[in-house]
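Okay, so here's the structure we're looking at.
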Amino acid sequence: MSDKSSIRKGILSRRDSIDPDLKQAKDKSISERLTGLPEFASARTVLLFASFGSEVDTISLIDRCFKDNKSIVLPKTNKEEGELLLYMINNIGELVPGYRGIPEPSVFEGRSMDVRNVDLVIVPGVAFDEQCNRLGYGKGYYDKLLKHRTSPAIALSYEEQIVVALPAEPHDIKMDKIITDKRILNCNG
């Protein structure tokens, strides 16, 4: 089995090479699968991520959540502490380039959120396997955050990001579901 670094490099290259028109169709399919889930319908507060680079587009999902009167929470990277801080946003215009250029909330007084107060957690990743293991970008930010959650964790992925098996370590947090453009992997029992 390959090491995490080489898997990361190979999958990112594969994801980056998806044709833009095909990517748009895949994004729509993933969004429809997510918004059709009972977990999404019942969630009042959703933790999302602002997509960056070739990640699954989440900007339309954020807009959909606003239209559905859901509260939207997005992470802000605290590099010094090696953690993600969560903030509620009221519109897309409140996002600014942050760590590595990733869009994240401007810091707002009184809008800090705890992951335990979120109804649904939507996360990015580089690679996933059918046992719902997740390979992130290598800093462990999401693993640290996810160990405190009390709600389902769902990853958004292109089918090109699914591999047979990932090297998993004890600190790696599994997803409850992984939604791709072709299927939903359900791993919570």
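All heavy atoms count here, side chains included; hydrogens, waters and symmetry mates do not. For the single chain, residues carry numbers from 1 onward in sequence order.
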Residue pair V123 / I154, side-chain heavy-atom distance below 4.5 Å
no

Hey, is the main chain of R14 close enough, under 3.5 Å, to the side chain of E160 for a donor-acceptor pair?
no

Can you name the nearest heavy-atom pair linking C132 to I178, along with the distance?
CA-CD1, 3.7 Å

Can you tell me how far CG of D19 sits from CD of Q24, rounded to the nearest 0.5 angstrom?
10.5 Å

Is there a path from Y141 to I122 through hydrophobic residues (I, L, V, M, F, W, Y) whose side chains come within less than 4.5 Å of each other?
yes

Has Q161 got a side-chain atom pairing as donor or acceptor with Y158's backbone, closer than 3.5 angstrom?
yes

Is there a side-chain contact (heavy atoms from CB on, under 4.5 Å) between S157 and I162? Walk through the geometry before answering.
CA-CA 8 Å; S157 171; I162 305 295; 3.9 Å; yes

Could you check whether any side-chain heavy atom of S112 comes within less than 4.5 Å of a side-chain heavy atom of L86, counting everything from C-beta outward?
no

Would K147 pass as a cation-pi partner of Y142, given that its NZ or CZ must be under 6.0 Å from the six-membered ring centre and within 45 degrees of the axis?
no

Close side-chain approach of F66 to I89, heavy-atom, < 4.5 Å
yes

Going through the checks in order, is the salt bridge (charged side-chain N to carboxylate O under 4.0 Å, His left out) test met by K4 and D172?
CA-CA 12 Å; K4 289 182 176 184; D172 293 329; 3.0 Å; yes

Enclosure of R183 CZ (heavy-atom neighbours >12, cutoff 6.0 Å)
yes

If you look only at pairs with a residue in residues 76-93, which of them pass as a side chain to side chain donor-acceptor pair (under 3.5 Å), with sequence neighbours excluded?
K76-E104

Beyond-backbone contact of L156 with F49, side-chain heavy atoms, under 4.5 angstrom
yes

In the structure I gave you, are the side-chain heavy atoms of I179 and L185 within less than 4.5 Å of one another anywhere?
no

N/O donor-acceptor pair under 3.5 Å between K174 side chain and Q131 backbone
yes

Trace of the side chain to side chain donor-acceptor pair (under 3.5 Å) decision for S151 with D119:
CA-CA 5 Å; S151 55; D119 300 319; over 6 Å; no

Does the side chain of Y137 reach to within under 4.5 Å of the side chain of L12, using non-hydrogen atoms?
yes

Quick one: do K70 and D68 make a salt bridge, cutoff under 4.0 Å?
no

On a heavy-atom basis, which atom in P103 and which in A50 lie closest, and how many Å separate them?
O-CB, 3.4 Å

If hydrophobic clusters are built from ILVMFWY residues whose side chains come within less than 4.5 Å, do L34 and I59 share one?
yes

Check the surroundings of atom NZ in K144: do more than 12 heavy atoms from other residues, nucleotides or ligands lie under 6.0 Å from it?
yes

In one Ile/Leu/Val/Met/Phe/Trp/Tyr side-chain cluster, 4.5 Å: I30, L22
yes

If only atom types and distance count, is the side chain of S31 paired as donor or acceptor with the main-chain N or O of L61 below 3.5 Å?
no

Could you tell me whether the side chain of C65 reaches within less than 4.5 Å of the side chain of F40, counting heavy atoms only?
yes

Which atom pair, heavy atoms only, marks the closest approach of D27 to V56?
OD1-CA, 3.7 Å

From S106 OG over to E94 CD, what is the distance, rounded to the nearest 0.5 angstrom?
7.0 Å

Under the side-chain hydrogen bond (donor to acceptor under 3.5 Å, both in side chains) test, residues paired with D143 that sit two or more places apart:
none

Heavy-atom check, side chain of L120 versus side chain of L47, under 4.5 Å:
no

Before giving the answer on salt bridge (charged side-chain N to carboxylate O under 4.0 Å, His left out), spell out for R149 and D176 the whole-Å C-alpha distance, their side-chain angles and the decisive distance to 0.1 Å.
CA-CA 12 Å; R149 80 187 192 285; D176 294 300; 3.1 Å; yes

Could you see if I11 belongs to whatever hydrophobic cluster contains L166? Use Ile, Leu, Val, Met, Phe, Trp, Tyr and a side-chain cutoff under 4.5 Å.
yes

In terms of heavy-atom contacts, R134 and G125 come closest through NE-CA, 4.0 Å

What verdict does the side-chain contact (heavy atoms from CB on, under 4.5 Å) test give for T45 and M113, after you've listed the backbone C-alpha separation in whole Å, the side-chain angles of each residue and the deciding distance to 0.1 Å?
CA-CA 10 Å; T45 304; M113 288 289 291; 3.9 Å; yes

Taking atom CD of E159 as the centre, does the number of heavy atoms from other residues, nucleotides or ligands within less than 6.0 Å exceed 12?
yes

Decide yes or no on side chain to side chain donor-acceptor pair (under 3.5 Å) for R64 and S60, but give the supporting numbers first.
CA-CA 6 Å; R64 165 73 186 265; S60 62; over 6 Å; no

State yes or no: do L145 and L135 share one hydrophobic cluster built from I, L, V, M, F, W and Y residues joined by side-chain heavy-atom distances below 4.5 Å, directly or via other members?
no

Heavy-atom nearest pair, A43 first then V46, reads CB-CG2, 3.9 Å

Considering all heavy atoms of both residues, which atom of A155 and which atom of F128 are nearest to each other, and what is their separation?
CB-CE2, 3.3 Å

N133 and M175: CA distance, side-chain angles, deciding distance, side-chain contact (heavy atoms from CB on, under 4.5 Å) verdict:
CA-CA 6 Å; N133 290 304; M175 301 293 95; over 6 Å; no

Nearest 0.5 Å, what's the CZ-CG distance between R8 and D3?
9.0 Å

Ignoring hydrogens and geometry beyond distance, is a side-chain donor-acceptor pair present between T150 and R116 at under 3.5 Å?
no

Between E55 (side chain) and F52 (backbone), is there a donor-acceptor pair under 3.5 Å?
yes

Full working for side-chain contact (heavy atoms from CB on, under 4.5 Å) between L74 and L95
CA-CA 9 Å; L74 288 168; L95 299 179; 3.3 Å; yes

Would you check if the side chain of S13 reaches a backbone N or O of K9 as a donor-acceptor pair within less than 3.5 Å?
no

Drop me the distance from K23's NZ to S54's OG, to the nearest 0.5 angstrom.
7.0 Å

